[in-house]
Amino acid sequence: MRARAASRGARVPGTIVMKVAGELDGVPVEDTFAEAFGMRATRLVITGETRAWARHAAVAATGFATSVIACGCEAGIERELSVRETPDGRPGISILIFAMSSKDLQKHLERRTGQCVLTCPTTAAFNGVPNEVAHEWLQLGGALRYFGDGWQISKLIGGKRYWRIPVMDGEFVCEEKAGLVKGIGGGNFLILAADGASARSAAERAVAAMRKVRNVILPFPGGVVRSGSKVGSKYKTLIASTNDAYCPTLVGLTRSALPEGAGAVLEIVIDGLDAGSIAKAMDVGIRAACRGGTGAGVVGITAGNYGGKLGPHHFHLKELFA
Amino acid sequence: MSALKFVLRHTPPSAVDVSGLRPALLAGKSRKEITKLPLTGWNEIHRVGDLFSIRGDDAQRVVVDGADERLLRIGAGMEGGELTVVGTAGDYLGESMRSGTIVVRGDVGTFVGAGMRGGRIDVSGNAGAFAGSGRAGTLQGMAGGAIVVRGNAGDRAGDRMRRGLLLIEGNAGDYCASRMLAGTAVVLGRVGIDAGYLMRRGTLILGRSPAELLPTFNHNGWHDLLAIRLLLESLTVYGKRFQSFARSRPSLSRWLGDLGCDGKGEILIAPGRP
């Protein structure tokens with residue numbers, strides 16, 4: 001039975017007709033785009049005597065960094081590095097940190113490295129941005145060295161300056177500078193599923209595939225967001241609030257964007273060092289989410305945008321079928 | 001194009017400043033112009049053609065063949081290119097050089113690489129006193145680049161050194177790294193007395209224990225520091241002896257001083273025979 005009337009512009013599932021760009025395993029993909037913004041980004045390589053210690057530092061340094069809206073920066077683990085890939089031949093983890101300005105990025109890089117890597121036994125921190133792509137330079141060891149209270153030692157090794165800061169397990173070694181690149185934040189897509197379990201399962205498949213793409217992070221818990229947001233709020237102090245169009249519990253009250261059969265939506269947000277990497281991550285993520293087709297409970301894929309008026313980077317879902 | 005080669009015709013009557021024979025000053029000049037270039041001697045001016053016979057034409061690769069200890073300041077102020085010296089070079093080889101490479105197949109005199117800021121000097125033989133130090137009268141020694149001495153170095157190696165690498169495969173004389181301000185000096189052989197005398201900062205790595213250290217150095221313990229591991233690994237490009245030293249990953253005895261001045265220098269001594 002369909003509702004006869006929807007007051008104040010409310011729509012019910014089934015009245016929405018998605019403009020479909022194509023289908024993946026029978027799952028309709030809406031002909032829309034993800035709208036993303038320019039950000040400032042850096043890569044940090046954290047090493048430790050064991051991978052466990054490097055991971056402890058990396059997890060702490062990328063904690064509480066899901067969205068710039070309230071965290072100030074967005075950060076995540078990019079990938080694990082083998083002993084052949086790190087500057088000191090120890091196990092390592094590379095992390096990416098994104099902020100809205102160079103000044104913000106400097107502040108968060110310094111705080112997070114200082115509180116989460118400097119403090120972690122055996123770890124060291126290295127710049128992970130190659131010289132040829134660094135747009136400008138952030139102070140890393142150059143800012144943290146003062147913790148040494150005058151006992152810090154600078155050492156030029158192989159053309160790079162390092163700081164040796166005395167700590168209680170020996171020395172914290174930290175490269176003086178970290179490269180800044182012009183990154184992109186806010187690449188995204190939404191998985192529209194029949195129910196929560198199907199949505200989570202599809203999102204987990206997508207995240208597992210996207211974690212293999214370099215130069216990107218998925219900053220939210222487990223790589224997934226359930227609280228997609230829209231710009232603005234009825235409350236003047238909030239700059240963002242719940243994306244009511246995709247909330248299944250608001251169907252019938254608001255202008256729902258949910259197609260028929262959609263009972264839960266999860267979003268995956270991607271920050272990347274370049275547009276190509278974000279596009280690649282979206283591609284592999286969407287294909288993984290759609291694996292199993294509608295039989296796996298996925299009823300559609302769409303993406304979030306603001307009409308193209310706010311962000312200069314547009315990732316069109318129809319590119320999946322190009 | 002073949003390397004531009006200067007073959008010494010005869011030993012000059014007195015010391016001659018041959019810093020004019022560096023790639024940047026020779027580039028774009030004809031053989032005839034080069035022949036007439038002046039070289040300042042002791043109260044006399046020599047022409048290049050008077051002292052050297054010239055072959056080849058590539059000014060970016062210069063060879064001084066049959067060098068004599070009276071040839072001073074070979075490659076001084078170099079700003080790029082390659083310079084090869086065959087024979088015994090005089091004092092101040094590579095003084096104040098900024099970039100490029102000097103290879104010496106033989107010995108060099110005193111003050112090799114004095115005040116250099118970049119580039120690399122590789123000496124197959126021995127070096128005289130004050131290798132990598134400052135020019136006489138200046139307050140800072142080498143401030144960049146690398147000097148590699150495959151043989152022995154004289155006294156005061158690394159005196160007032162400010163930055164860069166001074167690598168000695170053989171032995172070093174007395175007062176090695178004296179008044180060192182910063183940088184890294186490595187001696188794989190023995191050092192003379194009072195290594196690190198008035199050292200303020202910087203790192204002196206010794207492949208063999210000295211007979212005794214200054215009383216103004218305090219023992220800090222045995223350490224396997226990550227920064228030193230990185231440093232040693234970076235030395236592997238400087239030849240097999242540094243490679244095998246680095247790859248042996250020695251646990252080093254660390255001494256801090258000289259407490260007679262700033263006291264932030266470190267002497268790291270590999271275990272083994274004195």
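Quick note on labels: first sequence line is chain A, next is B, and so on, each numbered from 1.
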Report the distance from atom CZ of B:Arg163 to atom CG of A:Leu156, rounding to the nearest 0.5 Å. 7.0 Å
Counting neighbours of CZ on A:Arg51 that are heavy atoms of other residues, nucleotides or ligands and sit closer than 6.0 Å, is the number greater than 12? yes
Contacting moiety of B:Leu232, where chain A heavy atoms sit under 4.5 Å: neither
Tell me whether the count of non-hydrogen atoms from other residues, nucleotides or ligands lying under 6.0 Å of CH2 in B:Trp222 goes above 12. yes
Closer than 4.0 angstrom, basic N to acidic O: yes or no for B:Glu266 and A:Lys155? no
Check the surroundings of atom NE2 in B:His219: do more than 12 heavy atoms from other residues, nucleotides or ligands lie under 6.0 Å from it? yes
Please step through side-chain contact (heavy atoms from CB on, under 4.5 Å) for the pair B:Leu226 and A:Arg164, ending with a clear verdict. CA-CA 9 Å; B:Leu226 178 63; A:Arg164 300 164 58 188; over 6 Å; no
Would one find more than 12 heavy atoms of other residues, nucleotides or ligands at under 6.0 Å from atom CZ of A:Phe147? no
Charged N to carboxylate O under 4.0 angstrom, B:Arg229 versus A:Glu49? yes
Verify the neighbour count for atom OH of B:Tyr175: are there more than 12 heavy atoms of other residues, nucleotides or ligands below 6.0 Å? no
Smallest separation among heavy atoms of B:Lys264 and A:Gly150, with atom names: NZ-O, 3.1 Å
Residue part contacting chain A, namely of B:Leu231, when any heavy atom lies under 4.5 Å: both
Heavy-atom pairs under 4.5 Å with chain A, option from B:Leu235, B:Leu230, B:Leu165, B:Thr184 with the top count: B:Leu230
Determine the minimum heavy-atom distance between A:Gly158 and B:Ser234, stating which atoms define it. N-CB, 4.3 Å
Got a sec: does the CZ of B:Arg117 have more than 12 other heavy atoms crowding it under 6.0 Å? no
